[in-house]
Amino acid sequence: MAILVTGASAGFGKEMCKVFVNAGYQVIATARRLEKLEQLHQELGEKLLPVQMDVTDKKSVDDALNSLSGDWARIDLLINNAGLALGLESADKTDFSDWEKMIQTNVLGLTYVTHKILPQMVARKEGHIINLGSTAGSYPYYGANVYGASKAFVKQFSKNLRADLAKDNIRVSNIEPGLCGETEFSQVRFKGDEKKAQEPYAKVQYIKPEDIANVALWIYQQPAYLNINSIEIMPVAQTFAGLKVYKNENEA
Ligand SMILES: NC(=O)c1ccc[n+]([C@@H]2O[C@H](COP(=O)([O-])OP(=O)(O)OC[C@H]3O[C@@H](n4cnc5c(N)ncnc54)[C@H](OP(=O)(O)O)[C@@H]3O)[C@@H](O)[C@H]2O)c1
């Protein structure tokens with residue numbers, strides 16, 4: 001039996017590999033940057049299998065998952081973690097290619113991997129899928145436009161998978177984090193602009209990747225009859241967006 005983590009080369013995914021390997025599980029670490037996965041393999045040893053996979057490319061997903069054999073081919077837990085946000089502009093100012101990339105990764109990519117792995121779980125009548133949603137899937141904020149919408153898809157898809165798969169004894173959970181630092185999320189969002197990337201994490205105690213990885217392990221280790229449907233996590237310092245009102249300065 002193995003655990004498959006998408007987006008394992010950085011951030012939450014990398015930390016999940018460490019936490020699950022240290023807990024004694026076999027982990028298949030997937031991402032586009034094979035060299036990062038190989039470094040992780042050096043660090044964690046034979047319980048980690050590095051496999052290159054681009055979730056936006058259906059053939060890459062098929063080839064990567066078809067290449068698994070023996071014990072590695074039986075996936076008991078799929079963690080759909082690969083994802084990204086691009087930009088923080090008003091919808092009218094965004095680059096359409098950023099919207100496409102977020103939908104390709106966070107929506108289509110997640111569904112390619114899920115669709116490929118589900119049949120083996122259903123055949124065995126056991127398995128667990130943990131998706132990485134976001135508080136952005138529940139609460140709107142300025143500039144979240146397609147990113148938030150893609151995470152709302154993940155939230156609803158998780159619930160609909162539950163509806164379909166309870167009969168097959170398959171568990172489905174959605175982790176919905178708020179502000180989390182020490183990942184590449186913000187560097188990717190702001191396309192390498194370090195100043196902008198650092199700004200959200202200044203003067204605030206954010207969530208750390210190991211917090212999310214430990215939550216994933218806890219969800220997975222619950223008794224087999226229990227399903228954690230969703231779990232929303234924020235730093236204490238963060239709260240709901242609030243309903244912003246723009247005043248008309250020309251009015252009396
Ligand atoms: N950080 C936060 O504040 C936060 C909050 C809520 C939710 N989330 C969600 O949590 C997940 C992980 O975020 P993170 O903060 O850990 O981000 P991160 O540090 O940027 O890591 C993202 C991972 O996704 C992988 N990835 C991106 N595009 C991919 C693709 N096409 N195919 C395969 N892998 C791909 C990256 O690997 P390669 O580049 O090597 O492919 C990387 O390993 C995301 O779904 C994100 O939306 C993050």
Side-chain angles (χ1 to χ4, degrees), residues 4-19 27-40 50-65 78-88 98 100-113 130-139 141 144 146-155 157-158 174-192 197-201 204-213 215-216 230-235 237-238:
L4 189 138
V5 180
T6 69
S9 58
F12 299 168
K14 184 177 172 185
E15 210 55 40
M16 285 169 187
C17 291
K18 292 183 187 171
V19 163
V27 178
I28 304 159
T30 71
R32 292 168 300 181
R33 287 171 295 173
L34 187 59
E35 70 284 2
K36 297 264 179 197
L37 303 177
E38 277 164 354
Q39 281 166 15
L40 204 55
V51 176
Q52 190 169 37
M53 181 170 92
D54 179 348
V55 297
T56 65
D57 177 350
K58 195 167 179 302
K59 185 175 181 309
S60 166
V61 172
D62 287 342
D63 290 350
L65 298 178
L78 163 64
I79 307 185
N80 277 318
N81 164 75
L84 77 175
L86 292 170
L88 195 62
D98 285 350
E100 280 181 317
K101 190 146 191 212
M102 287 188 277
I103 294 167
Q104 280 161 358
T105 311
N106 302 356
V107 177
L108 275 176
L110 183 141
T111 55
Y112 289 154
V113 181
I130 298 181
N131 291 327
L132 258 295
S134 169
T135 50
S138 301
Y139 311 108
Y141 62 83
V146 163
Y147 177 66
S150 74
K151 293 300 183 178
F153 172 91
V154 174
K155 183 187 181 99
F157 185 55
S158 304
N174 191 32
I175 303 181
E176 303 169 17
L179 182 72
C180 182
E182 299 173 21
T183 77
E184 294 179 3
F185 182 81
S186 206
Q187 276 100 322
V188 172
R189 172 169 243 171
F190 296 110
K191 300 170 184 172
Q198 292 305 326
E199 197 280 326
Y201 310 107
V204 60
Q205 181 54 69
Y206 45 74
I207 307 168
K208 296 181 178 174
E210 61 260 37
D211 300 322
I212 301 301
V215 165
S230 63
I231 183 160
E232 182 181 288
I233 311 160
M234 288 181 180
Q238 186 179 28

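Indexing begins at 1, ligand by ligand and atom by atom, following the structure's order. In this chain, numbering begins with 1 at the start of the sequence shown. Treat the numbers as computed from the prediction; the structure is a model and nothing was measured.
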> Would you say Lys155 and Ser230 are linked by a side-chain donor-acceptor pair, where the criterion is simply a distance under 3.5 Å?
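No donor-acceptor contact under 3.5 Å links the two side chains.
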> Is the closest N or O pair between Tyr201 and ligand 1 shorter than 3.5 Å?
no
> Look at atom 22 (C) of ligand 1 and find which of Gly83, Gly13, Ser60, Ala213 reaches it with the closest heavy atom.
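Looking at heavy atoms only, the winner is Gly83.
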> In the protein, which heavy atom is nearest to atom 4 (C) of ligand 1, and how far is it?
Phe12 CZ, 3.7 Å
> Considering only the protein, which heavy-atom contact is closest to atom 37 (O) of ligand 1, and what is its distance?
Ser9 OG, 2.8 Å
> When you measure from atom 5 (C) of ligand 1 to every protein heavy atom, which one gives the shortest distance, and what is it?
Gly178 O, 3.3 Å
> If you measure from the Lys or Arg side-chain nitrogens to the Asp or Glu carboxylate oxygens, is any gap between Asp98 and Lys191 under 4.0 Å?
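So Asp98 pairs with Lys191 through a salt bridge.
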> Report the part of Met53 (side chain from C-beta onward, or backbone N, CA, C, O) that has a heavy atom under 4.0 Å from ligand 1; answer both or neither where that applies.
backbone
> For Gln187, state whether at least one heavy atom is located under 4.0 Å from any atom of ligand 1.
no
> Take Asn174 and Asn131 through the test side chain to side chain donor-acceptor pair (under 3.5 Å) and record every step on the way to the result.
CA-CA 5 Å; Asn174 191 32; Asn131 291 327; 5.2 Å; no
> Starting from atom 47 (O) of ligand 1, find the nearest protein heavy-atom neighbour and note its residue, name and distance.
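Nearest neighbour among protein heavy atoms for atom 47 (O) of ligand 1, to 0.1 Å: Tyr147 OH, 2.7 Å.
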> With respect to Ser134, determine whether any N or O atom, backbone or side chain, lies less than 3.5 Å from an N or O atom of ligand 1.
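Between Ser134 and ligand 1, no N or O pair is found under 3.5 Å apart.
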> Using a strict threshold of under 4.0 Å (side-chain N to carboxylate O), is an ion pair present between Arg33 and Glu184?
yes
> Do Tyr206 and Gln238 pair up side chain to side chain, a donor and an acceptor below 3.5 Å, judged on atom types alone?
no
> Which protein non-hydrogen atom lies closest to atom 31 (N) of ligand 1, naming both residue and atom, and how far is it?
Asp54 OD1, 2.9 Å
> Report the nearest protein non-hydrogen atom to atom 25 (C) of ligand 1: residue, atom name, distance rounded to 0.1 Å.
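Among all protein heavy atoms, the one nearest atom 25 (C) of ligand 1 is Gly7 CA, 3.5 Å.
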> Does only the side chain of Pro209 get under 4.0 Å from ligand 1, or the backbone, or both, or neither? Count heavy atoms.
neither
> What are the two closest heavy atoms between Val51 and Leu37, and how far apart are they?
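Nearest heavy atoms, Val51 then Leu37: O-CD1, 3.5 Å.
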> Should one rank Ala136, Ala82, Gly133, Ala10 by closest heavy-atom distance to atom 26 (N) of ligand 1, which comes out on top?
Ala82
> Within a 6.0 Å radius of atom NZ on Lys101, are there more than 12 heavy atoms belonging to other residues, nucleotides or ligands?
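No, because the 6.0 Å sphere around NZ of Lys101 holds 12 heavy atoms or fewer from other groups.
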> Could you check whether any side-chain N or O of Thr183 sits under 3.5 Å from a backbone N or O of Gly11, counting only pairs where one atom can act as donor and the other as acceptor?
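No: the side chain of Thr183 does not pair with the backbone of Gly11.
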> Give me the residue, atom name and distance of the protein heavy atom closest to atom 6 (C) of ligand 1.
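Of every protein heavy atom, Pro177 O, 3.2 Å lies nearest to atom 6 (C) of ligand 1.
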> Could you walk me through whether Glu176 and Tyr139 pass the side chain to side chain donor-acceptor pair (under 3.5 Å) check?
CA-CA 11 Å; Glu176 303 169 17; Tyr139 311 108; over 6 Å; no
> Considering Met16, Glu35, Arg32 one by one, which has a heavy atom nearer to atom 41 (O) of ligand 1 than any of the others?
Arg32
> Quick one: does ligand 1 sit under 4.0 Å from the side chain of Tyr206, the backbone, both or neither, non-hydrogen atoms only?
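The answer is neither.
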> Between the side chain of Thr6 and the main-chain N/O of Ala82, is any donor-acceptor distance below 3.5 Å?
yes
> What protein heavy atom is closest to atom 11 (C) of ligand 1, reported as residue, atom name and distance in Å?
Asn81 O, 3.1 Å
> Please check if atom NZ in Lys14 has more than 12 non-hydrogen atoms from other residues, nucleotides or ligands closer than 6.0 Å.
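It does not: Lys14 NZ has 12 such atoms or fewer within range.
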> Regarding ligand 1, does Leu84 bring an N or O atom to under 3.5 Å of one of the ligand's N or O atoms?
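N/O-N/O distance below 3.5 Å does not exist for this pair.
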